[in-house]
Novice: 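Sharing a structure with you now.
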Amino acid sequence: MDSGGQVDAIFTDYSKAFDRIDHSLLLEKLYLAGIHGSLFRWFSSYIENRSQAVVLNGFSSAWCQVPSGVPQGSLLGPLLFNIFINDISSCFQHSQFLLYADDMKIFRTIKNLTDCNLLQEDLDRFAEYCHNNKLDLNVSKCSSMTFSRSNKPIQFSYKLKAQVLVKVTEVRDLGVIHDTKLTYNKHLDYIINKANRSLGFICRVSSEFSNIKTIKILYCSYVRSSLEYCSQVWNPQYLIYVNRLESIQKRFIKHLQFKCKTYDSSYESRARRFHLLPLFERRRIADIVSLLKIAQNKIDSPLLLSKIYLKVPSRSSRIPSLLYTPFSSTNYRKNSFLIRTSKEINKLNDIPELDFDLFNTSVDVLKRIMTRHWFDAIS
């Protein structure tokens, strides 16, 4: 998102759709998808005439028929749901959408009010689609949000099923809190506070533990994991947040020092003693690994792959760069995932034992060598 750009997004909620899918419509879509003959009859037998009961402490309720929905907890449930909504893309003629199970985002770049009206037309088609397919759309849980770094973005009231959508300034999507300017400050505050509470709990319950490895497993599972989830999205550029994140691991390592009765002067030497990479270095490695997986098609993202540019220099240089990084006039753009990670990959020439190849280097080998290189550098 450029400094003057604007993207309007609609966050929808039809979480009850799994339970409300009409069986006759589902079978019709299975037939249109090319499932015929014996396989179609098997699916028909699997979906229809289902019943369920509740069993508690050996007592069972009366059996009741299940006239709609896909079988919950089954392997085929998500597949049947995806087949059912596979034609939902026909609603969005002017906008783009992202879909993960029953979680959908509809968005469009906004330059004027005409763009807003085009997005509204797609929302109207989406509401009609939900009505025709008997999908329960909970409008009260749907919201709209404007992503822009402009001080005066274009304002528009979007509607679904004739109801005005609530306009929000932040939204939690797939575990990450997004704000209107995509600074992720509130997400960082949230995970830092959560990690501090978890670390305090671990230090209390492990006060009688003598096995350091057990305490480290608790820390990595309950604290460090929450500090690294989706870090490729929100990796901070300002030192205030980098230091706040790092202070949590520093506090944990001091706890380990107290348990072991060992004392080292610097944070780096203490981290080396307990074999814990600093969090900023782990985020750096995670960025590089993610881009490597995109380039090697281990992450299926054609859009991101199309934005990775190999650098073809006009003249030879002593330390050639592998990837081209476009000029960025703002710190915000400089810290975007592809630009900052491309720069980090260009620095891999500084590791002599790493023969880096963007398309062939093993992810496990890369992580192992980069980790060893950092520990060796401070020894």
Side-chain angles (χ1 to χ4, degrees), residues 174-176 182-184 187-188 191 220 223-239 241-246 248-249 267-268 271-272 275-313 317-328 330-379:
L174 300 180
V176 178
L182 295 179
T183 59
Y184 297 103
H187 177 74
L188 287 163
I191 62 173
C220 294
V223 180
R224 194 173 70 178
S225 60
S226 64
L227 292 175
E228 295 181 340
Y229 173 71
C230 280
S231 64
Q232 296 85 347
V233 175
W234 50 261
N235 198 345
Q237 59 177 312
Y238 296 114
L239 282 178
Y241 282 111
V242 174
N243 293 335
R244 284 183 64 189
L245 289 166
E246 209 66 47
I248 297 171
Q249 181 156 291
Y267 167 58
E268 288 76 12
R272 185 175 184 274
H275 202 75
L276 287 169
L277 270 179
L279 297 180
F280 65 83
E281 183 65 18
R282 286 182 60 86
R283 291 195 299 272
R284 173 174 173 260
I285 295 175
D287 282 349
I288 295 174
V289 166
S290 295
L291 194 143
L292 192 66
K293 288 182 177 179
I294 293 170
Q296 296 178 2
N297 204 30
K298 294 178 180 177
I299 295 179
D300 185 15
S301 180
L303 178 61
L304 288 177
L305 182 61
S306 67
K307 296 181 180 296
I308 300 175
Y309 303 110
L310 296 177
K311 186 173 183 180
V312 181
S317 58
R318 186 172 61 87
I319 305 178
S321 297
L322 176 64
L323 299 179
Y324 168 75
T325 55
F327 172 76
S328 305
T330 62
N331 290 332
Y332 173 81
R333 179 161 170 75
K334 286 178 183 178
N335 196 55
S336 62
F337 169 73
L338 285 174
I339 292 181
R340 73 166 184 265
T341 308
S342 296
K343 291 180 178 179
E344 291 298 336
I345 283 182
N346 289 338
K347 295 177 183 178
L348 292 180
N349 289 321
D350 297 337
I351 305 179
E353 63 269 31
L354 177 61
D355 185 16
F356 181 74
D357 186 325
L358 183 64
F359 303 104
N360 294 303
T361 297
S362 166
V363 169
D364 293 333
V365 170
L366 175 68
K367 290 165 67 175
R368 184 168 60 252
I369 291 178
M370 291 189 69
T371 300
R372 187 171 65 243
H373 177 74
W374 189 89
F375 284 124
D376 291 344
I378 63 168
S379 60

Novice: So, N243 side chain and L239 main chain: donor-acceptor pair closer than 3.5 Å or not?
Specialist: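 Here the side-chain-to-backbone pair exists.
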Novice: Could you check whether any side-chain heavy atom of W374 comes within less than 4.5 Å of a side-chain heavy atom of L277, counting everything from C-beta outward?
Specialist: yes
Novice: Calculate, to the nearest 0.5 Å, the distance between atoms CZ and CD belonging to F359 and Q296 respectively.
Specialist: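 The CZ atom of F359 sits 8.5 Å away from the CD atom of Q296.
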Novice: Shortest non-hydrogen contact from N346 to L322?
Specialist: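 Looks like OD1-N, 3.0 Å.
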Novice: CG of L245 to CZ of F280: how many Å apart, nearest 0.5 Å?
Specialist: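 That separation rounds to 12.0 Å.
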Novice: Cut-off 3.5 Å, side chains only: do Y332 and Q237 have a donor facing an acceptor?
Specialist: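 No, no side-chain donor-acceptor contact under 3.5 Å.
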Novice: So, T361 side chain and L358 main chain: donor-acceptor pair closer than 3.5 Å or not?
Specialist: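 Checked: no pair found.
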Novice: Looking at W234 and Y229, would you say the former's side chain and the latter's main chain have a donor-acceptor pair under 3.5 Å?
Specialist: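 Yes, the answer is positive, given that a donor and an acceptor are paired below the 3.5 Å cut-off.
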Novice: Kindly state each residue pair satisfying side chain to side chain donor-acceptor pair (under 3.5 Å) with at least one member in residues 277-289, sequence neighbours excluded.
Specialist: E228-R282, N235-R283, N235-D287, E281-R284, R284-E344, D287-R340
Novice: Quick one: does L188's side chain get under 4.5 Å of I191's, heavy atoms only?
Specialist: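 The answer is yes, as the side chains (C-beta and beyond) meet within the 4.5 Å cut-off.
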Novice: Has the side chain of T341 got a donor or acceptor atom that lies under 3.5 Å from a matching backbone atom of L338?
Specialist: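 Such a contact is absent between T341 side chain and L338 backbone.
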Novice: Does any part of the side chain of K367, heavy atoms only, come nearer than 4.5 Å to the side chain of I285, both counted from C-beta?
Specialist: yes
